[in-house]
Colleague: 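Submitted below is the structure of interest, expressed as structure tokens.
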There are 2 protein chains.
Amino acid sequence: MSRTSNGKSRASGRVTLAAVAAHAGVATMTASRAISQPELVSSLLRERVEKAVEELGYVPNRAARALASSKSNVIVVLVPSLSNAVFTAVLAGIQDALDPYGYQILIGNTRYSDAEEEKLLNVYMQSNPDGILLSGLSHSKGVEKTLATSRVPVVSMMDISTDPDRVSVGFSQIQAGYQMTRYLLDKGYQRIGFMGAQLDERTIKRQEGYRMAMAEAGKLDPTLEMMVPDPSTIALGAELVERMHATMPGLDAIFCCNDDLAHGAIFQCQRRGIVVPQQLAICGFNDLPASALMHPSCTTIATPRYKVGFEAATLLQTLIRGEAPEQQHIDLGFTVMARESA
Amino acid sequence: MSRTSNGKSRASGRVTLAAVAAHAGVATMTASRAISQPELVSSLLRERVEKAVEELGYVPNRAARALASSKSNVIVVLVPSLSNAVFTAVLAGIQDALDPYGYQILIGNTRYSDAEEEKLLNVYMQSNPDGILLSGLSHSKGVEKTLATSRVPVVSMMDISTDPDRVSVGFSQIQAGYQMTRYLLDKGYQRIGFMGAQLDERTIKRQEGYRMAMAEAGKLDPTLEMMVPDPSTIALGAELVERMHATMPGLDAIFCCNDDLAHGAIFQCQRRGIVVPQQLAICGFNDLPASALMHPSCTTIATPRYKVGFEAATLLQTLIRGEAPEQQHIDLGFTVMARESA
DNA sequence: CTGAAAGCGCTTACAG
DNA sequence: CTGAAAGCGCTTACAG
């Protein structure tokens with residue numbers, strides 16, 4: 001009806017709340033409430049507003065709402081990889097936990113780089129997020145500073161911290177590395193190698209657990225460790241098992257820091273006629289879907305990645321509401337999956 | 001300096017552009033320009049503004065910028081899955097193409113549901129996106145309507161359309177299904193089955209290509225098709241190969257609609273002692289990393305998924321700038337990867 | 001339960 | 001090259 005259009009308007013052309021209100025014959029304020037807090041509006045006016053919304057095809061402007069309310073309803077999630085099935089499962093858990101609450105999730109892929117993480121965080125801070133989910137416990141000084149000055153609630157995922165100033169959801173990467181190695185030792189393997197790639201925080205901690213167990217058994221031998229900075233892939237696992245087999249005499253088992261490497265190692269052994277586990281035992285970490293089904297099936301550690309995402313997002317909401325969490329650090333544990341390959 | 005703080009302020013507490021300007025002794029407008037279009041500001045003032053930004057730790061408010069400029073710098077991407085490596089590769093391509101231009105990417109996971117896609121799109125429209133990237137060519141009426149009325153540039157990914165009102169980047173799913181089947185026929189296989197899951201648009205089109213080739217060869221037989229709506233997984237491939245082998249007499253090859261199913265089928269054959277490809281040939285679709293490395297290696301179709309994302313995002317930017325694209329439909333092709341399993 | 005006014009933090013459109 | 005004014009489309013904080 002009352003379409004004000006003087007040539008020099010800056011209006012976007014979209015239907016505004018004011019237009020809806022005019023159409024419904026109420027004040028803008030009433031239209032706003034009818035949409036956001038309908039229980040505060042009489043059913044008569046509420047229905048008129050709803051009808052106007054429908055007829056005009058009104059779409060709320062999120063930027064305007066965020067600016068006026070200084071609540072963005074945005075949650076930032078930073079993960080090291082999107083191609084790694086572990087983190088897509090974490091994301092699924094986050095989405096399922098947040099879905100009913102109308103948050104907009106901003107996903108940042110740090111590509112395992114602290115510098116990239118810092119860059120992404122700084123960009124995402126422009127969106128004034130209500131909360132932040134981070135992967136891992138160790139971050140750049142810049143990230144620590146940004147988080148400290150912004151006072152936005154943060155939950156760390158994948159590992160568990162003991163820091164009273166932090167909130168974390170995950171499991172002990174060191175303990176998991178330790179238990180996998182103990183499993184191999186208990187099975188009687190003598191010369192157990194460690195295959196690590198990417199060299200991110202989690203790889204290093206699993207290696208630390210491996211070393212603890214090996215030292216405890218009096219079998220620690222640094223020449224049995226193969227650590228490379230390349231991204232973890234099946235192809236790399238195939239290549240490294242070849243190198244380890246050739247250069248580490250007497251090697252009878254390999255603890256691969258994740259399942260991709262382990263699968264590649266198993267495939268390569270099949271191709272080369274090395275019988276797994278009789279000639280060489282192989283185990284991995286994460287329990288990806290193929291691990292249970294490949295032949296031989298892959299011994300590994302099952303990790304609660306979906307649950308990590310779900311619980312972390314749930315905990316973050318508690319913090320956003322300003323409530324104190326029941327637990328600041330939630331240990332979701334892990335399970336050794338004994339299968340055919342080791 | 002001039003900190004105005006009367007008790008009833010609605011200010012967020014964050015450092016504003018106005019504060020930066022005051023600190024630098026310039027007008028807000030000048031501070032704005034020094035940040036967004038520095039070439040329009042004298043170096044003297046520009047440096048004073050930069051210093052103020054640094055000293056105050058200014059973080060721009062993206063909502064305010066979006067509202068004032070009615071440019072969101074947001075690009076919406078809707079994919080059917082985040083756990084499927086195909087779409088994470090597409091996303092990587094999109095991110096690499098968009099990264100230099102400061103867009104914020106809003107990723108929506110439709111979970112292979114048209115209804116979910118419609119819901120997500122409606123929510124994301126509130127962010128007033130500059131452009132939209134969609135997966136596939138077929139969408140709900142609601143989605144079509146929203147896109148038509150909003151007039152936001154859209155590029156469809158994964159398949160190629162011929163519709164002059166659309167813009168698309170991908171390859172012909174039908175042709176790829178046809179060529180894979182022709183490959184099997186040329187190899188001499190007689191009774192070639194089709195294993196399809198999820199029953200999404202792409203599965204259906206690959207099946208269509210399979211049927212074309214089989215009919216052409218006079219070998220089309222509907223009893224050789226196994227179609228189930230469940231999500232495609234390795235476990236499902238293992239289960240379905242078992243059913244097909246048991247119920248389809250004389251079956252000598254299976255075209256699985258994707259690599260997950262094919263890998264599961266190959267693993268299961270190994271477990272059951274069915275020799276691949278001598279007793280049963282298996283091929284897949286997409287060329288996931290494991291396909292080249294597993295034993296036997298998996299014959300499949302290599303798809304340009306990273307490139308689809310990259311080119312689609314590049315094309316979208318052309319549309320956003322209001323330019324006419326050189327080509328409205330970009331066919332990136334595909335490659336039959338002949339390996340050991342078929 | 002309803003509404004008029006002011007303001008969120010920026011940029012546009014002018015003017016000089 | 002610089003700046004004062006107005007406005008983007010909502011919500012907050014009041015008042016009635």
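If you're wondering where the values come from, they're calculated on a predicted model, not measured in any experiment. We name chains A, B, ... by the order of the sequence lines, and we start the count at 1 in each one. The figures here come from the full heavy-atom set of this structure, side chains too, leaving out hydrogens, waters and symmetry mates.
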Colleague: Using whole Å, what does the distance between atom P of nucleotide D/dT2 and atom CZ of B/Arg46 come to?
Modeller: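 That distance rounds to 9 Å.
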Colleague: Using whole Å, report how far CZ of B/Arg48 lies from C1' of D/dT2.
Modeller: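 Taking atom C1' of D/dT2 as the reference, CZ of B/Arg48 is at 12 Å.
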Colleague: Does a side-chain N or O of B/Thr30 approach OP1 or OP2 of D/dT2 to a distance below 4.0 Å, or not?
Modeller: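 The answer is no; no side-chain N or O of B/Thr30 sits under 4.0 Å from OP1 or OP2.
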Colleague: Any side-chain N or O of B/Ser69 below 4.0 angstrom from OP1/OP2 of C/dC10?
Modeller: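 Looking at the OP1 and OP2 atoms of C/dC10, neither is under 4.0 Å from any side-chain N or O of B/Ser69.
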Colleague: Quick one: B/Leu40 CG to C/dG16 P, roughly how many Å, whole number?
Modeller: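 Atom-to-atom, B/Leu40 to C/dG16, this comes out as 20 Å.
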Colleague: Determine which nucleotide pairs with D/dG3, using a 3.5 Å limit on both distances of a Watson-Crick or G-U wobble pair.
Modeller: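 Paired with D/dG3, as far as the under-3.5 Å criterion goes, is C/dC14.
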Colleague: At under 4.0 Å between heavy atoms, what does A/Ala68 touch on the DNA or RNA strands: base, sugar-phosphate, or nothing?
Modeller: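 Result for A/Ala68 = base.
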Colleague: Heavy atoms under 4.0 Å, any strand shown: does A/Ala27 hit a base, just sugar-phosphate, or nothing?
Modeller: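 Counting heavy atoms under 4.0 Å across all strands, the contact made by A/Ala27 is with sugar-phosphate only.
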Colleague: D/dT2, OP1 or OP2 - any side-chain N/O from B/Ser42 closer than 4.0 Å?
Modeller: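 The answer is yes; a side-chain N or O of B/Ser42 sits under 4.0 Å from OP1 or OP2.
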Colleague: Within this structure, what is the CE-to-P distance between A/Met29 and C/dG3, rounded to whole angstrom?
Modeller: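 Atom CE in A/Met29 sits about 10 Å away from atom P in C/dG3.
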Colleague: Determine the contact category for A/Thr16: base if any of its heavy atoms lies under 4.0 Å from a base atom, sugar-phosphate if only primed atoms, P, OP1 or OP2 are that close, otherwise nothing.
Modeller: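 Touches sugar-phosphate only.
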Colleague: OP1, OP2 of C/dC10 versus side-chain N and O of B/Ser32: anything below 4.0 Å?
Modeller: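 For B/Ser32, the contact criterion (side-chain N or O under 4.0 Å from OP1 or OP2 of C/dC10) is not met.
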Colleague: Looking at A/Ser36, I'd like to know whether one of its side-chain N or O atoms comes within less than 4.0 Å of OP1 or OP2 on D/dT11.
Modeller: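 It does, given that an N or O in the side chain of A/Ser36 lies less than 4.0 Å from OP1 or OP2 of D/dT11.
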Colleague: So what does A/Arg33 hit on the nucleic acid, given a heavy-atom distance under 4.0 Å: a base, only sugar-phosphate, or nothing?
Modeller: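 Here A/Arg33 touches the bases of the nucleic acid.
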Colleague: Calculate the interatomic distance between B/Leu67 atom CG and C/dG7 atom P; express it in whole Å.
Modeller: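 Whole-Å distance recorded here is 17 Å.
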Colleague: Rounded to whole angstrom units, what separation is found between the CZ atom of A/Arg65 and the P atom of C/dG9?
Modeller: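 It works out to 18 Å between those atoms.
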